[in-house]
Amino acid sequence: MMATKVFINLPVKDIEKSKFFFSNLGFHINDQISDELAICISFSENIFVMLLTEDYFKSFTRKNIADTKAFSEVIISLEAKSKQEIQNIIKKAKQLGAHIYTEAEDYAWLYQHSFADLDGHHWEFIFIDKKLLPS
């Protein structure tokens with residue numbers, strides 16, 4: 001079996017703050033499958049992130065929710081169209097209250113930069129210049 005869509009589920013403390021944060025970063029919120037307990041962010045035709053209130057998230061697992069200030073739970077890496085697009089996202093994320101997780105790394109063929117969102121989830125954006133890939 002091959003999965004046709006990817007849904008990443010993450011707990012958040014305040015669903016409205018998270019909705020404001022991600023919609024102001026320019027990401028599309030799918031209102032058809034969003035409510036007061038969860039919002040769906042569409043990153044592409046096949047990739048979605050579900051942000052669930054902590055209590056709602058807990059109803060799907062027997063494990064404790066990771067303390068993202070002390071532990072890494074996941075690194076979500078998304079490909080951008082350009083270095084400039086990444087720089088714009090990082091700048092806007094910082095203005096919206098994100099913490100810059102690592103400074104930008106530029107390897108000529110690969111550019112990456114990341115932030116931790118309002119709940120400490122690690123988001124990394126990468127741009128791969130295919131013309132400069134090492135052989």
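The first residue in the sequence is number 1, and the count goes up from there.
- Residues passing the side-chain hydrogen bond (donor to acceptor under 3.5 Å, both in side chains) test with Ser82, sequence neighbours excluded: none.
- Each of Ile29, Leu51, Thr53 was evaluated against Ser18; a single residue qualifies, Leu51, per the side-chain contact (heavy atoms from CB on, under 4.5 Å) test.
- In terms of heavy-atom proximity, His121 sits nearest to Pro11 at NE2-O, 2.7 Å.
- Scored by the side-chain hydrogen bond (donor to acceptor under 3.5 Å, both in side chains) test, His113 finds no partners at all (sequence neighbours excluded).
- Scanning both residues, Thr102 and Ser114, for their nearest heavy atoms gives OG1-OG, 2.8 Å.
- The side-chain hydrogen bond (donor to acceptor under 3.5 Å, both in side chains) check on Lys58 picks up nothing, with sequence neighbours excluded.
- Rounding to the nearest 0.5 Å places CD of Gln95 at 11.0 Å from CZ of Phe21.
- Residues Phe127 and Ile86 come closest through the heavy atom pair N-CD1, 3.5 Å.
- Among pairs with a residue in residues 92-108, those fulfilling salt bridge (charged side-chain N to carboxylate O under 4.0 Å, His left out) read Lys83-Asp106, at least two apart in sequence or across chains.
- By the side-chain contact (heavy atoms from CB on, under 4.5 Å) test, Val6 pairs with Ile8, sequence neighbours left out.
- You'll find the side chain of Leu96 reaches within 4.5 Å of the side chain of Phe20, heavy atoms only.
- The same ILVMFWY cluster, assembled from side-chain heavy atoms under 4.5 Å apart, contains both Val74 and Phe115.
- Pairs passing the ring-ring contact (aromatic ring centres under 6.0 Å, His included) check and including a residue from residues 83-108, sequence neighbours excluded, read Tyr101-His122.
- A side-chain N or O of Ser77 and one of Glu124 form a donor-acceptor pair less than 3.5 Å apart.
- Among residue pairs with one or both ends in residues 39-64, those qualifying as ring-ring contact (aromatic ring centres under 6.0 Å, His included) are Phe7-Phe48, Phe27-Phe43, Phe43-Trp123, Tyr56-Phe60; sequence neighbours excluded.
- Annotation: Lys81, atom NZ; neighbour count of heavy atoms from other residues, nucleotides and ligands within 6.0 Å does not exceed 12.
- By the rule that hydrophobic residues join a cluster once side-chain heavy atoms approach within less than 4.5 Å of another member, Ile89 and Ile47 end up as members of one cluster.
- Residue Ile65 holds its CD1 atom at 9.5 Å from CG of Leu52, rounded to the nearest 0.5 Å.
- Residues Met50 and Leu10 do not share a hydrophobic cluster, defined by chaining ILVMFWY side chains whose heavy atoms lie under 4.5 Å apart.
- Among residues two or more places apart in sequence or in another chain, the side-chain contact (heavy atoms from CB on, under 4.5 Å) test is passed with Asn64 by none.
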Before giving the answer on side-chain contact (heavy atoms from CB on, under 4.5 Å), spell out for Ile15 and Leu37 the whole-Å C-alpha distance, their side-chain angles and the decisive distance to 0.1 Å.
CA-CA 7 Å; Ile15 202 81; Leu37 298 176; over 6 Å; no
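- By the side-chain contact (heavy atoms from CB on, under 4.5 Å) test, Lys130 pairs with Glu79, Ile128, Leu133, sequence neighbours left out.
- Within the 4.5 Å cutoff, no side-chain heavy atoms of Val12 are placed close to those of Ile39.
- Counting only residues at least two apart or on different chains, no side chain to side chain donor-acceptor pair (under 3.5 Å) pair has a member in residues 30-45.
- Residues forming a side-chain hydrogen bond (donor to acceptor under 3.5 Å, both in side chains) with Glu85 (at least two apart in sequence, or on another chain): none.
- With sequence neighbours excluded, no residue forms a salt bridge (charged side-chain N to carboxylate O under 4.0 Å, His left out) with Lys63.
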